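Because the structure is a prediction, the values reported are computed rather than measured. In what follows, chains are A, B, ... by sequence order, proteins preceding strands, each numbered from 1.
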There are 2 protein chains.
Amino acid sequence: MPKLGMEPIRRAALVEAAIAEIGAAGTLDVTVSRIARRAGVSSGLAHHYFGSKEQIFLASMRHIQTLFGRRVREELRSADTPRDRLNAIIAASFDPDEFAPEIVSAWLIFYVQAQNSPEARRLLHVYTTRLHSNLVFNLKSLTNDANAHVIASALGALIDGLYIRQALGENRLDRYQTMGLVWDYLDIKLSQGGER
Amino acid sequence: MPKLGMEPIRRAALVEAAIAEIGAAGTLDVTVSRIARRAGVSSGLAHHYFGSKEQIFLASMRHIQTLFGRRVREELRSADTPRDRLNAIIAASFDPDEFAPEIVSAWLIFYVQAQNSPEARRLLHVYTTRLHSNLVFNLKSLTNDANAHVIASALGALIDGLYIRQALGENRLDRYQTMGLVWDYLDIKLSQGGER
DNA sequence: TTCTTGATTGACTCGTCAGTCAATAACCGA
DNA sequence: TCGGTTATTGACTGACGAGTCAATCAAGAA
(Lines give C-alpha, C1' and ligand atoms only; values in the text may rest on other atoms or scores of the structure.)
Protein backbone atom coordinates (compact mmCIF):
# COMPACT_ATOMS: atom_id res chain seq x y z
CA MET A 1 0.00 0.00 0.00
CA PRO A 2 1.62 3.20 -1.15
CA LYS A 3 2.07 5.79 1.48
CA LEU A 4 2.48 8.65 -0.93
CA GLY A 5 0.15 9.99 -3.55
CA MET A 6 -2.93 8.71 -1.75
CA GLU A 7 -4.77 11.98 -2.11
CA PRO A 8 -6.28 11.49 -5.58
CA ILE A 9 -7.21 7.90 -4.73
CA ARG A 10 -8.95 8.88 -1.52
CA ARG A 11 -10.66 11.87 -3.08
CA ALA A 12 -12.05 9.66 -5.82
CA ALA A 13 -13.17 7.01 -3.34
CA LEU A 14 -14.84 9.63 -1.17
CA VAL A 15 -16.64 11.16 -4.12
CA GLU A 16 -17.91 7.76 -5.23
CA ALA A 17 -19.02 6.99 -1.71
CA ALA A 18 -20.71 10.36 -1.32
CA ILE A 19 -22.71 9.83 -4.49
CA ALA A 20 -23.75 6.39 -3.31
CA GLU A 21 -24.77 7.65 0.12
CA ILE A 22 -26.68 10.57 -1.34
CA GLY A 23 -28.47 8.18 -3.61
CA ALA A 24 -29.32 5.90 -0.70
CA ALA A 25 -30.63 8.78 1.39
CA GLY A 26 -32.20 10.75 -1.45
CA THR A 27 -31.17 13.81 0.51
CA LEU A 28 -28.14 15.73 1.68
CA ASP A 29 -28.90 14.31 5.13
CA VAL A 30 -25.90 12.09 4.93
CA THR A 31 -23.14 12.07 7.52
CA VAL A 32 -19.52 12.51 6.68
CA SER A 33 -18.85 9.44 8.81
CA ARG A 34 -21.03 7.26 6.62
CA ILE A 35 -19.41 8.54 3.47
CA ALA A 36 -15.99 7.95 4.96
CA ARG A 37 -16.90 4.47 6.14
CA ARG A 38 -18.17 3.52 2.71
CA ALA A 39 -14.97 4.86 1.20
CA GLY A 40 -13.00 2.78 3.71
CA VAL A 41 -11.43 5.65 5.57
CA SER A 42 -12.05 7.60 8.75
CA SER A 43 -14.21 10.67 8.97
CA GLY A 44 -11.14 12.63 9.91
CA LEU A 45 -9.55 11.87 6.57
CA ALA A 46 -12.59 13.03 4.68
CA HIS A 47 -12.35 16.36 6.43
CA HIS A 48 -8.63 16.38 5.92
CA TYR A 49 -8.99 16.25 2.16
CA PHE A 50 -12.21 18.14 1.60
CA GLY A 51 -12.51 20.47 4.56
CA SER A 52 -16.28 20.31 4.71
CA LYS A 53 -19.29 18.32 3.71
CA GLU A 54 -20.29 20.94 1.19
CA GLN A 55 -17.00 20.52 -0.60
CA ILE A 56 -17.53 16.79 -0.82
CA PHE A 57 -20.92 17.36 -2.39
CA LEU A 58 -19.58 19.92 -4.84
CA ALA A 59 -16.80 17.56 -5.85
CA SER A 60 -19.43 14.86 -6.37
CA MET A 61 -21.45 17.13 -8.59
CA ARG A 62 -18.39 18.08 -10.58
CA HIS A 63 -17.70 14.40 -11.05
CA ILE A 64 -21.20 13.68 -12.27
CA GLN A 65 -20.99 16.52 -14.74
CA THR A 66 -17.62 15.31 -15.95
CA LEU A 67 -19.11 11.90 -16.58
CA PHE A 68 -21.98 13.48 -18.44
CA GLY A 69 -19.61 15.56 -20.56
CA ARG A 70 -17.70 12.41 -21.35
CA ARG A 71 -20.88 10.68 -22.41
CA VAL A 72 -21.83 13.52 -24.71
CA ARG A 73 -18.43 13.48 -26.38
CA GLU A 74 -18.73 9.73 -26.81
CA GLU A 75 -22.12 9.95 -28.48
CA LEU A 76 -20.79 12.79 -30.60
CA ARG A 77 -17.95 10.70 -31.97
CA SER A 78 -20.24 8.59 -34.13
CA ALA A 79 -22.21 11.58 -35.40
CA ASP A 80 -21.25 13.18 -38.70
CA THR A 81 -23.85 15.74 -39.66
CA PRO A 82 -24.96 18.68 -37.51
CA ARG A 83 -28.33 17.06 -37.20
CA ASP A 84 -26.76 13.80 -36.07
CA ARG A 85 -24.77 15.72 -33.52
CA LEU A 86 -27.90 17.35 -32.15
CA ASN A 87 -29.51 13.96 -31.85
CA ALA A 88 -26.41 12.65 -30.11
CA ILE A 89 -26.54 15.39 -27.49
CA ILE A 90 -30.17 14.60 -26.86
CA ALA A 91 -29.50 10.88 -26.66
CA ALA A 92 -26.74 11.46 -24.11
CA SER A 93 -29.17 13.35 -21.90
CA PHE A 94 -31.55 10.43 -21.86
CA ASP A 95 -29.03 7.67 -21.48
CA PRO A 96 -30.34 5.14 -18.96
CA ASP A 97 -27.24 5.61 -16.82
CA GLU A 98 -28.27 9.21 -16.22
CA PHE A 99 -31.37 7.89 -14.47
CA ALA A 100 -29.57 5.83 -11.85
CA PRO A 101 -31.15 6.78 -8.52
CA GLU A 102 -27.98 8.30 -7.13
CA ILE A 103 -27.54 10.49 -10.20
CA VAL A 104 -31.13 11.63 -10.04
CA SER A 105 -30.81 12.42 -6.34
CA ALA A 106 -27.64 14.36 -6.94
CA TRP A 107 -29.20 16.47 -9.68
CA LEU A 108 -32.33 17.27 -7.70
CA ILE A 109 -30.34 18.19 -4.60
CA PHE A 110 -28.04 20.18 -6.82
CA TYR A 111 -30.91 22.35 -8.03
CA VAL A 112 -31.79 23.09 -4.42
CA GLN A 113 -28.20 24.00 -3.62
CA ALA A 114 -27.92 26.20 -6.68
CA GLN A 115 -30.29 28.66 -5.10
CA ASN A 116 -27.82 29.73 -2.44
CA SER A 117 -24.44 28.14 -2.87
CA PRO A 118 -22.41 30.33 -5.25
CA GLU A 119 -20.27 27.41 -6.32
CA ALA A 120 -23.27 25.20 -7.04
CA ARG A 121 -24.80 28.02 -9.01
CA ARG A 122 -21.58 28.42 -10.95
CA LEU A 123 -21.55 24.71 -11.74
CA LEU A 124 -25.13 24.83 -12.89
CA HIS A 125 -24.32 27.78 -15.08
CA VAL A 126 -21.42 25.93 -16.62
CA TYR A 127 -23.68 22.97 -17.35
CA THR A 128 -26.47 24.96 -18.97
CA THR A 129 -24.03 27.14 -20.89
CA ARG A 130 -22.11 24.18 -22.24
CA LEU A 131 -25.30 22.45 -23.32
CA HIS A 132 -26.54 25.66 -24.88
CA SER A 133 -23.43 26.41 -26.92
CA ASN A 134 -23.18 22.80 -27.94
CA LEU A 135 -26.67 23.00 -29.33
CA VAL A 136 -26.26 26.46 -30.82
CA PHE A 137 -23.07 25.51 -32.56
CA ASN A 138 -24.75 22.70 -34.45
CA LEU A 139 -27.98 24.56 -34.99
CA LYS A 140 -26.18 27.45 -36.62
CA SER A 141 -25.40 25.42 -39.68
CA LEU A 142 -29.07 24.57 -40.03
CA THR A 143 -30.80 27.85 -39.33
CA ASN A 144 -30.07 31.49 -38.67
CA ASP A 145 -28.35 32.63 -35.51
CA ALA A 146 -31.29 34.15 -33.67
CA ASN A 147 -33.33 31.06 -34.37
CA ALA A 148 -30.52 28.84 -33.18
CA HIS A 149 -30.49 30.50 -29.79
CA VAL A 150 -34.22 30.29 -29.29
CA ILE A 151 -34.35 26.66 -30.35
CA ALA A 152 -31.42 25.83 -28.10
CA SER A 153 -33.16 27.45 -25.14
CA ALA A 154 -36.29 25.47 -25.80
CA LEU A 155 -34.36 22.24 -26.20
CA GLY A 156 -32.46 22.77 -22.99
CA ALA A 157 -35.62 23.37 -21.01
CA LEU A 158 -37.45 20.53 -22.72
CA ILE A 159 -34.62 18.13 -21.95
CA ASP A 160 -34.45 19.17 -18.31
CA GLY A 161 -38.20 19.00 -17.89
CA LEU A 162 -38.48 15.60 -19.49
CA TYR A 163 -35.53 14.36 -17.48
CA ILE A 164 -37.06 15.33 -14.16
CA ARG A 165 -40.42 13.84 -15.03
CA GLN A 166 -38.85 10.68 -16.25
CA ALA A 167 -36.67 10.50 -13.15
CA LEU A 168 -39.64 10.91 -10.85
CA GLY A 169 -41.80 8.49 -12.76
CA GLU A 170 -44.18 11.19 -13.93
CA ASN A 171 -43.53 10.73 -17.62
CA ARG A 172 -46.14 8.79 -19.52
CA LEU A 173 -43.73 8.26 -22.39
CA ASP A 174 -40.94 5.70 -22.58
CA ARG A 175 -37.36 6.58 -23.38
CA TYR A 176 -37.77 6.37 -27.15
CA GLN A 177 -41.02 8.26 -27.27
CA THR A 178 -39.41 10.89 -25.09
CA MET A 179 -36.44 11.32 -27.37
CA GLY A 180 -38.80 11.19 -30.34
CA LEU A 181 -40.69 14.08 -28.86
CA VAL A 182 -37.53 16.18 -28.77
CA TRP A 183 -36.47 15.15 -32.24
CA ASP A 184 -39.90 15.98 -33.52
CA TYR A 185 -39.63 19.47 -32.10
CA LEU A 186 -36.28 19.89 -33.78
CA ASP A 187 -37.61 18.61 -37.11
CA ILE A 188 -40.43 21.07 -37.05
CA LYS A 189 -38.42 24.09 -36.04
CA LEU A 190 -35.74 23.37 -38.61
CA SER A 191 -38.13 22.73 -41.47
CA GLN A 192 -39.86 25.96 -40.60
CA GLY A 193 -37.83 28.55 -42.43
CA GLY A 194 -35.17 30.72 -40.89
CA GLU A 195 -32.76 29.21 -43.41
CA ARG A 196 -29.12 29.89 -43.09
CA MET B 1 -58.47 36.30 21.72
CA PRO B 2 -60.75 33.34 21.16
CA LYS B 3 -59.89 30.25 23.09
CA LEU B 4 -61.79 27.87 20.90
CA GLY B 5 -61.43 27.05 17.24
CA MET B 6 -57.81 28.14 17.14
CA GLU B 7 -56.66 25.09 15.22
CA PRO B 8 -57.35 26.26 11.66
CA ILE B 9 -55.91 29.68 12.44
CA ARG B 10 -52.72 28.25 13.91
CA ARG B 11 -52.34 25.69 11.17
CA ALA B 12 -52.59 28.40 8.54
CA ALA B 13 -50.14 30.63 10.38
CA LEU B 14 -47.68 27.78 10.75
CA VAL B 15 -47.92 26.89 7.09
CA GLU B 16 -47.32 30.51 6.09
CA ALA B 17 -44.39 30.70 8.44
CA ALA B 18 -42.94 27.43 7.22
CA ILE B 19 -43.04 28.61 3.63
CA ALA B 20 -41.34 31.84 4.62
CA GLU B 21 -38.63 30.04 6.59
CA ILE B 22 -38.03 27.53 3.85
CA GLY B 23 -37.67 30.40 1.42
CA ALA B 24 -35.23 32.16 3.69
CA ALA B 25 -33.13 29.04 4.15
CA GLY B 26 -33.52 27.68 0.63
CA THR B 27 -33.45 24.28 2.25
CA LEU B 28 -35.41 22.02 4.56
CA ASP B 29 -32.78 22.85 7.18
CA VAL B 30 -35.26 24.90 9.09
CA THR B 31 -36.09 24.32 12.71
CA VAL B 32 -39.59 23.84 13.97
CA SER B 33 -38.78 26.42 16.63
CA ARG B 34 -38.07 29.08 14.03
CA ILE B 35 -41.24 28.29 12.15
CA ALA B 36 -43.21 28.42 15.37
CA ARG B 37 -41.62 31.67 16.45
CA ARG B 38 -42.43 33.29 13.12
CA ALA B 39 -45.99 32.07 13.45
CA GLY B 40 -46.11 33.57 16.94
CA VAL B 41 -46.54 30.31 18.81
CA SER B 42 -44.36 27.88 20.71
CA SER B 43 -42.60 24.94 19.15
CA GLY B 44 -44.74 22.68 21.27
CA LEU B 45 -47.86 23.92 19.58
CA ALA B 46 -46.46 23.27 16.15
CA HIS B 47 -45.85 19.68 17.12
CA HIS B 48 -49.23 19.54 18.79
CA TYR B 49 -51.01 20.36 15.56
CA PHE B 50 -48.76 18.77 12.96
CA GLY B 51 -46.97 15.98 14.77
CA SER B 52 -43.75 16.33 12.82
CA LYS B 53 -41.73 18.65 10.67
CA GLU B 54 -42.45 16.57 7.61
CA GLN B 55 -46.16 17.10 8.08
CA ILE B 56 -45.64 20.83 8.26
CA PHE B 57 -43.75 20.74 4.99
CA LEU B 58 -46.36 18.58 3.29
CA ALA B 59 -49.09 20.93 4.44
CA SER B 60 -47.08 23.82 3.04
CA MET B 61 -46.75 22.11 -0.29
CA ARG B 62 -50.45 21.34 -0.36
CA HIS B 63 -51.08 25.00 0.30
CA ILE B 64 -48.82 26.14 -2.52
CA GLN B 65 -50.53 23.79 -4.91
CA THR B 66 -53.93 24.97 -3.79
CA LEU B 67 -52.85 28.53 -4.52
CA PHE B 68 -51.61 27.48 -7.92
CA GLY B 69 -54.85 25.68 -8.70
CA ARG B 70 -56.70 28.81 -7.70
CA ARG B 71 -54.57 30.89 -10.02
CA VAL B 72 -55.21 28.55 -12.92
CA ARG B 73 -58.96 28.71 -12.37
CA GLU B 74 -58.76 32.47 -12.22
CA GLU B 75 -56.90 32.76 -15.51
CA LEU B 76 -59.33 30.28 -16.98
CA ARG B 77 -62.32 32.41 -16.13
CA SER B 78 -61.52 35.01 -18.77
CA ALA B 79 -60.75 32.41 -21.44
CA ASP B 80 -63.45 31.38 -23.88
CA THR B 81 -61.99 29.18 -26.56
CA PRO B 82 -60.04 25.97 -25.98
CA ARG B 83 -56.99 27.69 -27.30
CA ASP B 84 -57.48 30.61 -24.92
CA ARG B 85 -57.81 28.15 -22.09
CA LEU B 86 -54.54 26.48 -23.02
CA ASN B 87 -52.87 29.86 -23.06
CA ALA B 88 -54.38 30.64 -19.70
CA ILE B 89 -52.96 27.50 -18.14
CA ILE B 90 -49.55 28.36 -19.51
CA ALA B 91 -49.81 31.94 -18.29
CA ALA B 92 -50.69 30.76 -14.80
CA SER B 93 -47.56 28.64 -14.71
CA PHE B 94 -45.40 31.63 -15.49
CA ASP B 95 -47.14 34.13 -13.28
CA PRO B 96 -44.50 36.24 -11.50
CA ASP B 97 -45.91 35.20 -8.14
CA GLU B 98 -44.91 31.64 -8.88
CA PHE B 99 -41.30 32.78 -8.93
CA ALA B 100 -41.23 34.23 -5.45
CA PRO B 101 -38.11 32.79 -3.79
CA GLU B 102 -40.05 30.86 -1.18
CA ILE B 103 -42.24 29.25 -3.83
CA VAL B 104 -39.24 28.29 -5.89
CA SER B 105 -37.49 26.85 -2.85
CA ALA B 106 -40.55 24.87 -1.92
CA TRP B 107 -40.89 23.38 -5.39
CA LEU B 108 -37.26 22.41 -5.66
CA ILE B 109 -37.22 20.84 -2.21
CA PHE B 110 -40.47 19.15 -3.08
CA TYR B 111 -38.89 17.41 -6.05
CA VAL B 112 -36.20 16.08 -3.75
CA GLN B 113 -38.77 14.85 -1.26
CA ALA B 114 -40.84 13.21 -3.98
CA GLN B 115 -38.13 10.63 -4.46
CA ASN B 116 -38.73 8.97 -1.12
CA SER B 117 -41.69 10.41 0.72
CA PRO B 118 -44.81 8.59 -0.47
CA GLU B 119 -47.02 11.51 0.38
CA ALA B 120 -44.83 13.98 -1.48
CA ARG B 121 -44.80 11.66 -4.46
CA ARG B 122 -48.57 11.44 -4.30
CA LEU B 123 -48.85 15.21 -4.26
CA LEU B 124 -46.52 15.51 -7.20
CA HIS B 125 -48.56 12.97 -9.06
CA VAL B 126 -51.73 14.90 -8.37
CA TYR B 127 -50.11 18.05 -9.68
CA THR B 128 -48.81 16.54 -12.92
CA THR B 129 -52.00 14.63 -13.50
CA ARG B 130 -54.19 17.67 -13.00
CA LEU B 131 -52.06 19.73 -15.33
CA HIS B 132 -52.08 16.93 -17.86
CA SER B 133 -55.81 16.40 -17.92
CA ASN B 134 -56.40 20.10 -17.95
CA LEU B 135 -54.29 20.35 -21.07
CA VAL B 136 -55.65 17.20 -22.67
CA PHE B 137 -59.22 18.26 -22.14
CA ASN B 138 -58.73 21.45 -24.10
CA LEU B 139 -56.44 19.91 -26.66
CA LYS B 140 -59.00 17.26 -27.50
CA SER B 141 -61.25 19.77 -29.20
CA LEU B 142 -58.36 20.87 -31.36
CA THR B 143 -56.71 17.62 -32.34
CA ASN B 144 -57.15 13.88 -32.05
CA ASP B 145 -56.87 12.10 -28.73
CA ALA B 146 -53.49 10.45 -29.17
CA ASN B 147 -52.03 13.72 -30.31
CA ALA B 148 -53.58 15.53 -27.38
CA HIS B 149 -51.79 13.29 -24.92
CA VAL B 150 -48.41 13.62 -26.56
CA ILE B 151 -48.72 17.39 -26.84
CA ALA B 152 -49.83 17.63 -23.23
CA SER B 153 -46.83 15.60 -22.09
CA ALA B 154 -44.51 17.85 -24.03
CA LEU B 155 -46.15 20.99 -22.70
CA GLY B 156 -45.95 19.76 -19.13
CA ALA B 157 -42.26 19.00 -19.39
CA LEU B 158 -41.56 22.21 -21.28
CA ILE B 159 -43.35 24.27 -18.65
CA ASP B 160 -41.51 22.57 -15.79
CA GLY B 161 -38.16 22.88 -17.51
CA LEU B 162 -38.64 26.53 -18.36
CA TYR B 163 -39.89 27.21 -14.86
CA ILE B 164 -36.83 25.75 -13.21
CA ARG B 165 -34.44 27.55 -15.51
CA GLN B 166 -36.26 30.79 -15.05
CA ALA B 167 -36.32 30.29 -11.31
CA LEU B 168 -32.60 29.62 -11.16
CA GLY B 169 -31.72 32.46 -13.48
CA GLU B 170 -30.58 30.16 -16.25
CA ASN B 171 -33.14 31.23 -18.78
CA ARG B 172 -31.91 33.62 -21.42
CA LEU B 173 -35.48 34.56 -22.30
CA ASP B 174 -37.77 36.93 -20.44
CA ARG B 175 -41.21 36.01 -19.25
CA TYR B 176 -42.97 36.91 -22.51
CA GLN B 177 -40.46 35.27 -24.74
CA THR B 178 -40.72 32.20 -22.56
CA MET B 179 -44.48 32.02 -22.83
CA GLY B 180 -44.17 32.82 -26.51
CA LEU B 181 -41.95 29.81 -26.91
CA VAL B 182 -44.61 27.56 -25.45
CA TRP B 183 -47.38 29.14 -27.48
CA ASP B 184 -45.30 28.76 -30.59
CA TYR B 185 -44.92 25.04 -29.90
CA LEU B 186 -48.65 24.76 -29.46
CA ASP B 187 -49.33 26.68 -32.68
CA ILE B 188 -47.10 24.41 -34.65
CA LYS B 189 -48.38 21.15 -33.26
CA LEU B 190 -51.99 22.19 -33.70
CA SER B 191 -51.56 23.44 -37.25
CA GLN B 192 -49.84 20.21 -38.09
CA GLY B 193 -52.67 17.85 -38.94
CA GLY B 194 -54.11 15.30 -36.56
CA GLU B 195 -57.44 17.06 -37.01
CA ARG B 196 -60.31 16.12 -34.82
C1' DT C 1 -69.27 26.18 41.01
C1' DT C 2 -66.94 22.28 39.20
C1' DC C 3 -65.61 19.40 35.40
C1' DT C 4 -64.02 18.66 30.86
C1' DT C 5 -61.75 19.84 27.05
C1' DG C 6 -58.99 22.61 23.85
C1' DA C 7 -55.02 25.84 23.82
C1' DT C 8 -50.53 26.76 25.00
C1' DT C 9 -46.04 26.90 26.94
C1' DG C 10 -41.06 26.02 27.35
C1' DA C 11 -37.96 23.20 29.70
C1' DC C 12 -35.99 18.81 29.03
C1' DT C 13 -34.32 14.50 26.92
C1' DC C 14 -31.88 12.06 23.80
C1' DG C 15 -29.59 11.87 19.73
C1' DT C 16 -26.91 13.34 16.26
C1' DC C 17 -23.06 15.23 13.76
C1' DA C 18 -19.64 18.60 11.70
C1' DG C 19 -15.41 19.82 12.38
C1' DT C 20 -11.06 19.75 15.43
C1' DC C 21 -7.02 17.85 17.25
C1' DA C 22 -3.32 15.38 19.12
C1' DA C 23 -1.11 11.33 18.31
C1' DT C 24 0.82 7.60 15.49
C1' DA C 25 2.73 5.54 11.54
C1' DA C 26 5.16 5.30 7.29
C1' DC C 27 7.87 7.00 3.82
C1' DC C 28 11.56 10.13 1.61
C1' DG C 29 15.39 12.77 0.91
C1' DA C 30 19.67 14.48 2.82
C1' DT D 1 19.89 7.93 10.59
C1' DC D 2 17.20 11.98 11.29
C1' DG D 3 13.95 15.57 10.34
C1' DG D 4 10.28 16.77 7.40
C1' DT D 5 6.24 15.53 5.14
C1' DT D 6 2.11 12.89 4.07
C1' DA D 7 -1.37 9.64 5.61
C1' DT D 8 -4.45 8.30 8.96
C1' DT D 9 -7.10 7.56 13.02
C1' DG D 10 -10.86 8.08 16.28
C1' DA D 11 -11.90 10.34 20.40
C1' DC D 12 -13.75 14.61 21.62
C1' DT D 13 -16.27 19.02 21.71
C1' DG D 14 -19.74 22.07 21.13
C1' DA D 15 -23.85 22.95 19.16
C1' DC D 16 -28.05 22.11 17.73
C1' DG D 17 -32.70 20.40 17.20
C1' DA D 18 -36.88 17.08 16.99
C1' DG D 19 -40.13 15.51 19.67
C1' DT D 20 -42.05 14.77 24.57
C1' DC D 21 -44.32 16.09 28.63
C1' DA D 22 -46.18 17.93 32.70
C1' DA D 23 -48.26 21.90 33.95
C1' DT D 24 -51.06 26.12 33.35
C1' DC D 25 -54.86 28.67 31.51
C1' DA D 26 -59.35 29.74 29.77
C1' DA D 27 -63.99 28.82 28.34
C1' DG D 28 -68.09 26.52 27.96
C1' DA D 29 -71.12 22.65 29.91
C1' DA D 30 -73.56 20.70 33.59
Side-chain angles (χ1 to χ4, degrees), chain A residues 1-61 105-106 109 112-113 116-117 119-120, chain B residues 1-61 105-106 109 112-113 116-117 119-120:
Chain A
M1 214 190 283
K3 261 303 153 186
L4 225 93
M6 291 306 285
E7 178 157 354
I9 296 166
R10 302 266 106 120
R11 287 189 102 101
L14 284 162
V15 161
E16 291 277 342
I19 293 171
E21 285 293 329
I22 286 170
T27 303
L28 260 196
D29 293 336
V30 151
T31 72
V32 174
S33 301
R34 285 185 67 85
I35 295 174
R37 182 155 3 126
R38 190 186 280 252
V41 299
S42 70
S43 71
L45 201 65
H47 278 102
H48 176 63
Y49 284 129
F50 284 98
S52 75
K53 200 166 105 172
E54 194 189 355
Q55 291 305 315
I56 302 180
F57 175 66
L58 289 171
S60 304
M61 213 50 228
S105 288
I109 293 168
V112 173
Q113 298 300 306
N116 292 307
S117 153
E119 177 63 7
Chain B
M1 217 188 284
K3 262 303 152 186
L4 226 91
M6 291 306 285
E7 179 158 354
I9 296 167
R10 301 267 107 118
R11 287 189 102 101
L14 284 162
V15 161
E16 291 277 342
I19 293 170
E21 285 294 329
I22 286 169
T27 304
L28 260 196
D29 293 337
V30 150
T31 71
V32 174
S33 302
R34 285 185 67 84
I35 295 173
R37 181 154 2 124
R38 190 186 281 252
V41 300
S42 70
S43 72
L45 200 65
H47 278 102
H48 176 64
Y49 283 129
F50 285 97
S52 74
K53 199 166 105 173
E54 194 189 356
Q55 292 306 315
I56 301 180
F57 175 67
L58 290 171
S60 304
M61 213 50 228
S105 287
I109 293 166
V112 172
Q113 297 300 306
N116 292 308
S117 154
E119 178 62 7

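Across all strands shown, A:Tyr49 has heavy atoms under 4.0 Å from sugar-phosphate atoms exclusively, and none from any base. Contact annotation for A:Thr31: backbone-only contact, meaning every heavy-atom pair under 4.0 Å involves sugar-phosphate atoms and none involves a base.
Counting heavy-atom neighbours within 6.0 Å of B:Arg11 CZ, excluding the residue itself, gives a total above 12.
Remark: side-chain polar atoms of A:Ser60 are paired, donor with acceptor, to backbone N or O of A:Ile56 under 3.5 angstrom.
Closest approach of A:Ala25 and A:Asp29 over heavy atoms only: CB-O, 4.1 Å.
Whole-Å rounding puts the A:Ile9 CD1 to D:dT6 P distance at 16 Å. Rounded to whole Å, the distance from CG on B:Leu14 to P on D:dG19 is 14 Å. Atom CG of A:Asp29 is separated from atom C1' of C:dG15 by 14 Å (rounded to the nearest Å). In this structure, the CD atom of B:Glu7 is 16 Å from the P atom of C:dT5, given to the nearest Å.
For D:dT6, the OP1/OP2 oxygens have no side-chain nitrogen or oxygen of A:Arg10 closer than 4.0 Å. Remark: A:Arg34 is not in phosphate contact with C:dC17, judged by side-chain N or O atoms under 4.0 Å from OP1 or OP2.
Considering only the side chain of A:Ser42, D:dT8 comes nearest among C:dC28, C:dT8, D:dT8. Considering only the side chain of A:Leu45, D:dT8 comes nearest among C:dA18, D:dT8, D:dA18. Looking at the side chain of B:Ser43, the nearest of the listed nucleotides C:dG10, D:dA11, D:dA18 is C:dG10. Here the nucleotide nearest the side chain of A:Lys53, chosen from C:dA7, C:dG19, C:dT8, is C:dG19.
Residue B:Met61 holds its CE atom at 8.5 Å from CD1 of B:Ile19, rounded to the nearest 0.5 Å.
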